[in-house]
Amino acid sequence: MSSLILWHVSSSLSSHPEALHICLMLQVQNSYSYTESNWAADISAAQAIGIDGFALNTAVDSYEQTKYPDAFAAAQAADFELFISFDMTYEWETTDMVNLVKQYASSSSYYKWEGKPLVSTFGGDSDSNDFWTTFKTDLANAGISISLAPAFVDYREPDEATQMFSNFTAIDGFFNWWSWPADENANLTTDTDLAYKEALSSAGRSGPYIMSVSPWQFKELGDGQDWVEQCDTLWEYRWQQAIHDVEPDIVEILTWNDYGESHYISDINPIVNLGDLAPLYVDGFDHSGWRTMAKYYISWFKNGTAPAIEEDNVIYWYRVHPKSITCSQGALPRNSQFPEDAVFAFSMLKSAADISLTIGESTTTYNAGKGVAIGSVPFSKMDGQKPVIEIMRDGQIVKSGTGSKAINTTNCDYYNFNTFVGVV
């Protein structure tokens, strides 16, 4: 789970105006072939939608830390920020963690929360409070006072929030990793976010509350790693929760390039080795259109008001097989019954229009007002068809587009609940 992260804090929502960031997780594990120019390209693409930094979620292996010099050089050149996120599913030694923070904490591109270098994690709740106290104390003895905001992933239940801060007196903030429903056919609520945000405040901690936002969750790698969550409209309503309900200190997008779990919003990078199985459900499944939606919501979150829409767009996404299909390879993923067999469309309009969604003989038309709206059309019996999306005003087609992937309802080589994302 080695990653980079992007973050944002809205000045209208936060009492920490120097921390104006949206962060995005990027897997350092997937940077094996990166040079400084590859880092620069990722940074440029992220900055184009309003992202201010990456969190370098890093595992223990032979190469990930060797990628840091190029990452920080590219960040400094672009006035971009980075912070370290330790992947604690690996056996990190405190000495190695301390040395890595010491090496980069003084960089002008290292992100600081209230003047202190921010350090986060994936996991780490299986380590004791003494482990984290030692980590922070050793850094303090080296003259570095950090703000520690880990993602303790075993803590998800709202009624465990107060106890978690009691158990871990060493932590300063908290990162709620859970940005997908928990194996249920229902929308994700904000109960966990609100409980841990309040518990952090009640515990008198000074660190940030970090809320995760993610578009999708599907994995098909065998050995029990086969699952999908109910994410049909998650990318839309989770941003709404961040803006209207939770108002976190930092929003962390999961992720930039975790292709294996299908929640990437970067372009699919051809120099990244995804192994043998992930390419079977990743290759050709573009998610870059979700960045158009992200840019809109990032601006809203940063500025406190919905941005003006200057160009009509419809972002659409769909799976290419119905959930009932039997495939020749792979395993039927856990929760396969949850996703709807449908094409989803998110309209961003300068003025009101009709949005037409057609797949085969099935058409759904809905009136969308100025601003944003969402609709869908089912596809369950439309073998070989590609969705057609049209924006219409006064009976005239203003824009139209056709999905580049056909929906196959009869043949399937490998179970694939990933989604293709396009833009009209």
Side-chain angles (χ1 to χ4, degrees), residues 3 24-27 29-30 42 45 49 179-180 214-222 225-236 253-294 314-323 325 327-333 335-336 338-346 357 359 376-377 379 382-389 401-409 411-424:
S3 308
L24 194 156
M25 175 171 284
L26 181 153
Q27 286 202 338
Q29 186 178 51
N30 284 337
D42 276 356
I49 63 170
S179 189
W180 313 274
S214 187
W216 206 256
Q217 175 63 261
F218 165 67
K219 194 171 189 176
E220 183 74 15
L221 295 180
Q225 298 185 83
D226 310 298
W227 65 72
V228 65
E229 295 293 356
Q230 170 53 276
C231 301
D232 289 341
T233 59
L234 177 65
W235 193 227
E236 184 270 339
I253 299 172
L254 303 180
T255 59
W256 183 248
N257 67 341
D258 189 339
Y259 304 109
E261 292 192 352
S262 306
H263 43 62
Y264 52 95
I265 66 168
S266 70
D267 297 340
I268 300 171
N269 195 322
I271 70 171
V272 176
N273 183 352
L274 298 179
D276 296 327
L277 297 180
L280 298 176
Y281 59 90
V282 172
D283 286 354
F285 284 79
D286 186 9
H287 287 185
S288 61
W290 272 332
R291 296 204 301 270
T292 302
M293 290 175 64
V314 176
I315 297 88
Y316 59 94
W317 57 96
Y318 60 97
R319 302 183 343 272
V320 297
H321 299 294
K323 56 191 174 185
I325 198 168
C327 302
S328 57
Q329 297 182 68
L332 188 66
N335 307 324
S336 63
F338 293 166
E340 186 178 347
D341 291 340
V343 179
F344 296 87
F346 178 83
L357 310 177
I359 180 73
S376 65
V377 60
F379 68 67
M382 308 300 176
D383 189 53
Q385 300 294 319
K386 296 179 179 180
V388 177
I389 300 92
T402 301
S404 64
K405 285 190 171 296
I407 294 170
N408 191 325
T409 63
N411 296 301
C412 173
D413 293 330
Y414 193 80
Y415 282 102
N416 187 353
F417 282 69
N418 194 3
T419 186
F420 174 81
V421 183
V423 180
V424 175

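No hydrogens, no waters, no symmetry mates; every other heavy atom, side chains included, goes into these values.
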* To do: Report the C-alpha distance between Trp235 and Trp317 in whole Å, list the side-chain angles of each, state the deciding distance to 0.1 Å, and finish with yes or no for side chain to side chain contact (heavy atoms under 4.5 Å, CB included).
  => CA-CA 11 Å; Trp235 193 227; Trp317 57 96; 5.6 Å; no
* Phe420: ring pair (Phe, Tyr, Trp, His ring centres under 6.0 Å) partners, not counting sequence neighbours -> Tyr318
* To do: Tell me, please, which residues at least two apart from Gln385 pass side chain to side chain contact (heavy atoms under 4.5 Å, CB included).
  => Ile359, Met382
* Asked: Should the ring pair Phe417 and Phe218 be called parallel, tilted or perpendicular, given that the plane angle runs from 0 to 90° and is split at 30 and 60?
  -> tilted
* **Residues forming a side chain to side chain donor-acceptor pair (under 3.5 Å) with Ser214, sequence neighbours excluded** => Trp180
* To do: Name all residues meeting the side chain to side chain donor-acceptor pair (under 3.5 Å) criterion together with Gln225; count only those two or more places apart in sequence or in a different chain, and write none if there are none.
  => Lys219
* Asked: Which residue pairs pass the salt bridge (Lys or Arg N to Asp or Glu O under 4.0 Å) test with at least one member in residues 270-281, sequence neighbours excluded?
  -> none
* Which residues share a side chain to side chain donor-acceptor pair (under 3.5 Å) with Ser336, sequence neighbours left out -> none
* Would you please name every residue forming a ring pair (Phe, Tyr, Trp, His ring centres under 6.0 Å) with Tyr259, sequence neighbours left out? => Tyr264
* Asp258 side chain to His263 main-chain N or O, any donor-acceptor pair under 3.5 Å? -> no
* Structure fact -> Those residues at least two apart in sequence (or on a different chain) that pass ring pair (Phe, Tyr, Trp, His ring centres under 6.0 Å) with Tyr316 are none
* Partner residues of Asn411 under the side chain to side chain contact (heavy atoms under 4.5 Å, CB included) criterion, sequence neighbours left out -> Asn408
* **Partner set under salt bridge (Lys or Arg N to Asp or Glu O under 4.0 Å) for Asp226, not counting sequence neighbours** => none
* Residues which pass side chain to side chain donor-acceptor pair (under 3.5 Å) with Thr233, listed by chain and number, not counting sequence neighbours -> none
* Asked: For Asp413, what residues pass the salt bridge (Lys or Arg N to Asp or Glu O under 4.0 Å) criterion, not counting sequence neighbours?
  -> none
